[in-house]
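Since we're looking at a predicted model, the values are computed, not measured. If you read the sequence from its start, that first residue is 1, and numbering goes on from there.
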Amino acid sequence: MDIAAIRSQFPILNRRLYGRQMVYLDNTATSQTPQRVVDAIVGGYTRTKANVHRGVHTLSQEATELQESARQRVKEYINAEAAEEIIFTRGTTEALNLVASSFGGMILGRDDELILTVMEHHANIVPWQLLQAQRGFKIKVVPIDSAGNLDIEAYKRLFTPHTRLVSVCHASNVLGTVNPVGEMIAYAHSAGVPVVVDGAQAAPHLPIDIRALDADFYTFSAHKMYGPTGVGVLYGKRRHLEQMPPYQGGGEMIDSVSFEGTTFASLPYKFEAGTPDFIGIAALSKAIDFIEETGLEQIAAHEEELLSHTTSRMLAEIPGIRIFGSAPGKCAIISFLLAGAHHYDTGMLLDKLGIEVRTGHHCAQPLMNALGVEGVVRASFAAYNTLQEADLFVDALARVAKILG
């Protein structure tokens, strides 16, 4: 890849912090945005801002066309069967809440069982717990091994005649582990159990063929894949979506309303109540353009080089460092602790050296408990990061390690 040409598309990468060139390594939390996405947002507000699906005037028609073109773009990106299976949400979190409330509420009851994994983000735990408090079903959890791989044999043993649903992340936001979701889905389906996949960490880095995976639901967020904030995607198989009750009520999601009763709109609009972020949705298509023009295979190879180079230097040059997650084929995420140092102190000192990393439990407290730590420092890479930045990070980390003793 021409990294210089890629970086030139991201104006924020020219920022300086504390007199130093900024090195942005918090891509797992949110990636930066190329100029074409910014231009699409500005164009939406300055040329085509009008509510979608509700007007016969030109601006409304143009805005509607931009949003529905983006829906088609997402459909093609993940190889869904139909655009009607693409639901726009505010992010992965809302998408998972929608599935838990609407689909989970439809199939989970007392004496039923739901399977999660210990590496789930809170967004794929708490919505199910809220439903569990109402319905009384049991939640079972798949453990991990010392490298951060899911114990697939343990996963299979969790299935009983009471298992009704599985919900699993495609990739861990802490360990970087890419889970064998295809195998997990196939096993669940052999038992007649549908599967929800949290794809927030996978969609920016891995090719997603939803028909090959055969996932019943798949979710991801625009802001982690070079797109705008506040926009997410829920894919659902048509047969499920048609059976599910609406998640929210209001405008747009109806066919007709009277005080005697209401009938609902066809897919996908049944699940898109109110005015959507149609400007952000339209801009998402530009982020997909960037990914596909750059090439997912090329991005993955570049990120793997960054991961390997950085990990090798950290282990060789920083005594006592502890890195969490060594699964083969992991995403370009390095979660670590310096010996004897608190993760917040490490992150704060790195920031003063221009290195932007994430610290804390990363919305994965059950995983932190399993690892026996309160939190970790996390550095994560994207297409625009360079080997020079990786070296600046390791050099800064070595300096911080000396400061913290």
Original post:
Are more than 12 heavy atoms from other residues, nucleotides or ligands located less than 6.0 Å from atom NZ of Lys138?
Top reply: no

Original post:
Looking at side-chain heavy atoms only, is the closest gap between His302 and Ile3 below 4.5 Å?
Top reply: yes

Subject >> Residue pairs, two or more places apart or on separate chains, that pass salt bridge (charged side-chain N to carboxylate O under 4.0 Å, His left out) and touch residues 115-130 >> reply: none

Original post:
Within a radius of less than 6.0 Å around CD of Gln35, do more than 12 heavy atoms belonging to other residues, nucleotides or ligands occur?
Top reply: yes

**OP:** Count the heavy atoms of every other residue, nucleotide or ligand shown that sit under 6.0 Å from CZ of Arg90, and state whether that count exceeds 12.
**Re:** no

Original post:
Would Glu85 and Arg211 pass as an ion pair if we require N to O under 4.0 Å?
Top reply: no

Original post:
Under 6.0 Å from the NZ atom of Lys224, do we count more than 12 heavy atoms belonging to anything else shown?
Top reply: yes

Subject >> Pair Phe381-Phe393, ring pair (Phe, Tyr, Trp, His ring centres under 6.0 Å): steps then yes or no >> reply: CA-CA 11 Å; Phe381 299 97; Phe393 162 61; 7.2 Å; no

Subject >> Given Phe271, Tyr218, Phe217, Tyr235, the one that forms ring pair (Phe, Tyr, Trp, His ring centres under 6.0 Å) with His240 >> reply: Phe217

Subject >> CE/Met1: more than 12 non-hydrogen atoms of other groups inside 6.0 Å >> reply: yes

Original post:
For atom CD of Gln388, is the number of surrounding heavy atoms from other residues, nucleotides or ligands below 6.0 Å larger than 12?
Top reply: no

Subject >> Arg313/Asp395 salt bridge by N-O under 4.0 Å criterion >> reply: yes

Subject >> 4.5 Å side-chain heavy-atom contact, Val373 and Arg322 >> reply: yes

Original post:
Using 4.0 Å as the upper bound for N to carboxylate O, is an ion pair formed by Arg36 and Glu293?
Top reply: yes

Original post:
Going through the checks in order, is the side chain to side chain contact (heavy atoms under 4.5 Å, CB included) test met by Leu150 and Val168?
Top reply: CA-CA 10 Å; Leu150 284 180; Val168 58; 4.3 Å; yes

**OP:** Hey, could you give me each pair passing salt bridge (charged side-chain N to carboxylate O under 4.0 Å, His left out) that has a residue in residues 323-348? Not counting sequence neighbours.
**Re:** none

**OP:** Could you check if a side-chain atom of Glu242 sits within less than 4.5 angstrom of a side-chain atom of Glu84, using non-hydrogen atoms only?
**Re:** no

**OP:** Could you pull out the closest heavy-atom pair between Arg378 and Asn173, with the gap in Å?
**Re:** NH1-O, 2.9 Å

Original post:
Excluding sequence neighbours, so at least two apart, what forms side-chain contact (heavy atoms from CB on, under 4.5 Å) with Ala147?
Top reply: Asp145, Asn149, Ser326

